[in-house]
Amino acid sequence: MKTVLRHVPEALLPGTRPEQLEGPRPNIGVATPRIDGPLKVQGKARFAGEVSLDGMLYAALAHSTIARGRIAHLDVSRAEAAAGVALVMTYRNAPRLKTPQAFGQGSGVAGAALPVMQDEQIHWNGEAVAVVLAATAEQANYAATLVDVSYALEPAITDFQRAKEHAHQPESVLGESPLLEIGDAESALAKASVRVDQIYTTPRHNHNAIELHAVTVQWQDDNLVVHDATQMLNGTVSTLAQVFDLKPEQVRVLSPFVGGGFGGKGLWTHQMLAAAAAKLAGRPVRLSLSRESVYRLIGGRTLTEQRVALAANPDGTLAALIHSGVVAMTAHNSVPEQFTFPARHLYAADTMRLEQQVAEMDMLANTFMRAPGESVGTFALESALDELAEQLQLDPIELRRRIEPDKDPASGAEFSSRHLIKAYADGAKAFGWEQRAAPGTRREGEWLIGMGVATATYPYYRMPGSAARVRLAADGTAHASTAGHEMGMGTATVQAQHLADRLGLPLDRVSFEYGDSALPAGAMAGGSSQTAGTLAAVEAAVSQLLKDLLKQLPRDSGLHGCKADALVPRDGGLGRSDDASVHVPYPTLLRQLGVDHLEAKADAPAPMELMRYSMHSYGAQFCEVRVNAITGEVRVSRFLGSFDTGRILNPQTATSQFRGGIIMGIGLALTEQTEFDPRSGRIMNRSLSEYHVPVHLDVPNIEVMWTDIPDPHTPLGAHGIGEIGITGVAAAVANAIYNATGKRIRSLPITLDKLL
């Protein structure tokens with residue numbers, strides 16, 4: 001289908017040339033503080049774990065301590081007798097539930113396709129074996145420690161080295177083939193006089209959002225109401241309906257505020273357990289996970305072992321590009337950490353071989369984590385390119401200039417928008433790249449100083465199925481609504497800016513409603529796709545509203561007979577492009593129609609642009625480090641990200657997103673690692689005192705800049721930017737460490753013991 005559509009004229013493909021609202025605008029492109037900010041700093045933003053319902057019980061969990069087996073002995077009598085306890089739910093008395101569909105199975109979005117407390121089987125170390133309901137959270141937490149359980153062990157694969165013995169290609173990698181071959185890359189590698197062939201490894205990572213996962217649930221007759229912290233409202237509705245054998249309209253999910261998602265705020269077992277316990281008890285239930293429970297029940301990034309082999313032609317172009325390897329996964333989910341995706345689209349090569357395999361383990365199902373695949377894949381690929389540049393005695397930026405493709409290397413498709421070389425040039429000038437010296441030659445006292453660079457990349461996505469409703473009132477205000485999400489990235493603010501400019505209204509005359517599945521189906525907050533999906537839906541709804549308005553206008557209206565494409569929304573009303581003297585305020589228009597409001601709902605057009613073009617965001621990550629020659633301590637002293645991500649809609653919130661991604665990338669490079677015991681499958685460092693994320697003293701001044709060149713094939717010319725900031729960062733740090741010390745580290749995180 002993609003091959004065919006690349007030859008179809010754009011005019012026949014709806015959605016590939018959206019209206020860009022070109023020219024100066026009072027809101028789009030203007031730095032605007034988040035409109036949800038005051039609510040949060042005043043404590044008025046109510047999160048899922050703060051919803052209070054009459055008669056509510058508090059839930060706590062008891063977790064399994066084995067990776068695989070069955071419950072042999074279970075005694076809950078002491079827990080039931082504890083003060084304040086109303087109910088203890090186990091597999092013996094839990095309501096009968098259907099096995100949820102995992103992400104990628106139909107409309108399912110569950111973390112794994114496993115039964116939820118339906119029998120005595122244990123599938124991973126940390127699985128919930130009991131839910132305790134009590135009058136207070138403290139009483140529930142204490143009673144959960146009184147659950148007495150022992151197990152009959154069954155053989156489990158919890159060692160990655162053993163699991164690799166049975167590694168295999170998955171059916172697909174997020175819909176793409178796990179193997180891509182162009183020519184004979186291995187032969188080209190063998191013939192090359194200049195080549196790199198290395199193994200790079202990355203560890204497991206856990207989600208650590210500030211807001212712990214929480215859910216408050218209530219049954220109203222046969223209807224389920226869920227207050228959740230989720231990135232996927234509509235998927236949660238459909239999956240919960242499937243699990244509890246309900247119609248989707250019987251499930252309502254509300255999630256107006258999410259305190260950090262990054263891929264981890266999806267549908268896990270705790271929401272289903274809370275809903276089942278509430279049904280069993282006949283009372284509302286709140287379940288807030290502890291930090292340890294988050295590590296036990298919420299998946300994170302899986303480990304990878306990657307081979308990157310590069311062969312150079314005499315002119316510095318690539319004769320071969322090989323990127324292959326294996327990741328850990330379970331048999332019950334399909335999130336294969338698509339680390340080969342950057343290599344498919346970034347660089348020109350005569351031959352190419354890209355392959356991903358999975359090794360199945362008995363563990364908590366892994367899931368998406370900010371730029372899944374691309375964040376760890378760019379570490380390996382961009383580190384290898386730095387090694388090749390060293391062998392070729394080329395500047396790393398010059399090497400990338402020589403292998404810049406004119407079309408997508410894997411598919412042959414035209415790029416919708418690509419200005420990576422400009423991003424490199426702008427960033428190099430701003431960072432002072434010309435000051436970079438030979439490895440190990442810059443020093444200040446005990447500190448060795450080095451610079452590194454790497455490419456950032458992440459796909460542009462716009463998922464199908466988004467819709468929006470727009471309401472125009474007689475007082476000249478407008479309101480848009482869609483079942484989207486606000487996780488702190490500025491979604492509500494940007495969409496309000498968009499609505500204001502699309503209708504020609506001041507920002508304080510518009511509002512944007514989200515976070516409720518009762519609203520029109522919204523875009524999932526994942527894959528950096530929500531902004532584009534919501535923009536397209538709001539554009540479609542506004543277009544429909546204006547068409548409906550024109551149809552109803554009386555003949556004496558100054559806009560009667562005007563075609564929709566000749567309307568000019570401005571100054572709180574509508575004008576005509578063919579007659580600048582005509583302008584009718586919205587209150588006047590609605591008074592002429594004799595109504596107090598107009599409303600229109602519309603679906604976003606299908607994302608046909610993705611079928612026709614190769615669509616990605618890009619960036620150049622520049623890093624300066626200082627490495628202590630005595631202790632091996634690494635300090636990132638300067639960082640600059642230069643991005644090519646289409647049109648920037650709000651510079652203030654965009655800067656925050658870029659910086660946040662870069663900070664997570666510094667953690668990826670230097671500190672973060674989940675300690676997984678290969679003997680038991682147990683996560684050992686299940687707290688922020690032992691799992692080290694970057695703190696303020698770890699983070700230098702971070703500068704960000706961007707090309708701000710609109711992509712003509714996306715809504716408002718914008719790309720999502722939530723994830724690209726983390727990509728390339730680990731490689732930039734590693735390459736800077738090499739430049740400082742002359743030591744090449746190919747295994748993350750880069751801790752001081754690896755440098756001593």
Examine the side chains of [X] and [Y] and answer whether a donor and an acceptor come within less than 3.5 Å of each other.
X    : Y    : value
R682 : T158 : no
Q271 : D228 : yes
S747 : T201 : yes
Y691 : E672 : yes
E80  : S77  : no
N685 : Y295 : no
E374 : T727 : no

_Within the 6.0 Å centroid threshold, strictly below: H73 and Y151_ = no
*Do you know which of T216, L254, L233, V253 makes side-chain contact (heavy atoms from CB on, under 4.5 Å) with V226?*
V253
*asked:* For P100, run the side-chain contact (heavy atoms from CB on, under 4.5 Å) check against T239, L240, L267, T269 and tell me which one passes.
replied: T239
Does the side chain of [Y] come within less than 4.5 Å of [X]'s, by heavy atoms?
X    : Y    : value
E127 : L297 : no
Y200 : S383 : yes
N206 : I683 : yes
M329 : N366 : yes
D222 : Q250 : yes
V131 : L61  : yes
N208 : L688 : yes
Q306 : V376 : yes

How long is the span from the [atom1] atom in [X] to the [atom2] atom in [Y], to the nearest 0.5 Å?
X    : Y    : atom1 : atom2 : value
S52  : R46  : OG    : CZ    : 8.5 Å
D159 : M361 : CG    : CE    : 6.5 Å
M664 : H205 : CE    : NE2   : 9.0 Å
L670 : T751 : CG    : OG1   : 9.0 Å
Q657 : I726 : CD    : CD1   : 12.0 Å
F379 : L668 : CZ    : CG    : 8.0 Å

Between [X] (side chain) and [Y] (backbone), is there a donor-acceptor pair under 3.5 Å?
X    : Y    : result
K754 : P749 : yes
E50  : F47  : yes
Q220 : V225 : no
S238 : G235 : yes
Q242 : Q101 : yes

Nearest atoms (heavy-atom pairs only) where [X] meets [Y]:
X    : Y    : value
G488 : E486 : N-OE2, 2.8 Å
V327 : T302 : CB-CG2, 3.9 Å
R252 : S517 : CA-OG, 3.4 Å
A274 : L287 : CB-CB, 4.2 Å

*Check step by step if salt bridge (charged side-chain N to carboxylate O under 4.0 Å, His left out) holds for R78 and D148.*
CA-CA 8 Å; R78 291 179 63 212; D148 183 17; over 6 Å; no
*For the pair H63 and V129, evaluate side chain to side chain contact (heavy atoms under 4.5 Å, CB included) and give the outcome as yes or no after the intermediate values.*
CA-CA 6 Å; H63 299 277; V129 296; over 6 Å; no
Heavy-atom neighbours of [X] [atom1] exceed 12 at 6.0 Å:
X    : atom1 : answer
E633 : CD    : yes
R96  : CZ    : yes
Y91  : OH    : yes
K40  : NZ    : yes

*Under 30°, 30 to 60°, or over 60°: which ring-plane class applies to H323 and F339, parallel, tilted or perpendicular?*
tilted
_Applying salt bridge (charged side-chain N to carboxylate O under 4.0 Å, His left out) to K164 and E305, what does each step give before you reach the verdict?_
CA-CA 10 Å; K164 283 198 306 178; E305 184 177 287; 2.9 Å; yes
*Could R204 and F676 be counted as a cation-pi pair, given that NZ or CZ must be under 6.0 Å from the ring centre and within 45° of the axis?*
yes
_Against Q169, only a single residue in Q356, E355, Q357 fulfils side chain to side chain donor-acceptor pair (under 3.5 Å); can you say which?_
E355
_salt bridge (charged side-chain N to carboxylate O under 4.0 Å, His left out), that's the test. Do E211 and K265 meet it? Break it down for me._
CA-CA 10 Å; E211 179 202 22; K265 293 283 177 71; 2.9 Å; yes
*Criterion salt bridge (charged side-chain N to carboxylate O under 4.0 Å, His left out) on R296 and E292, from CA distance to verdict*: CA-CA 6 Å; R296 302 291 185 220; E292 178 174 349; 3.3 Å; yes
*Test side chain to side chain donor-acceptor pair (under 3.5 Å) applied to S255 and H227, step by step*: CA-CA 6 Å; S255 186; H227 300 269; over 6 Å; no
*Start with the C-alpha gap between Q530 and H485, add the side-chain angles, then the distance that decides, and say whether side chain to side chain donor-acceptor pair (under 3.5 Å) holds.*
CA-CA 8 Å; Q530 182 174 234; H485 313 74; 3.2 Å; yes
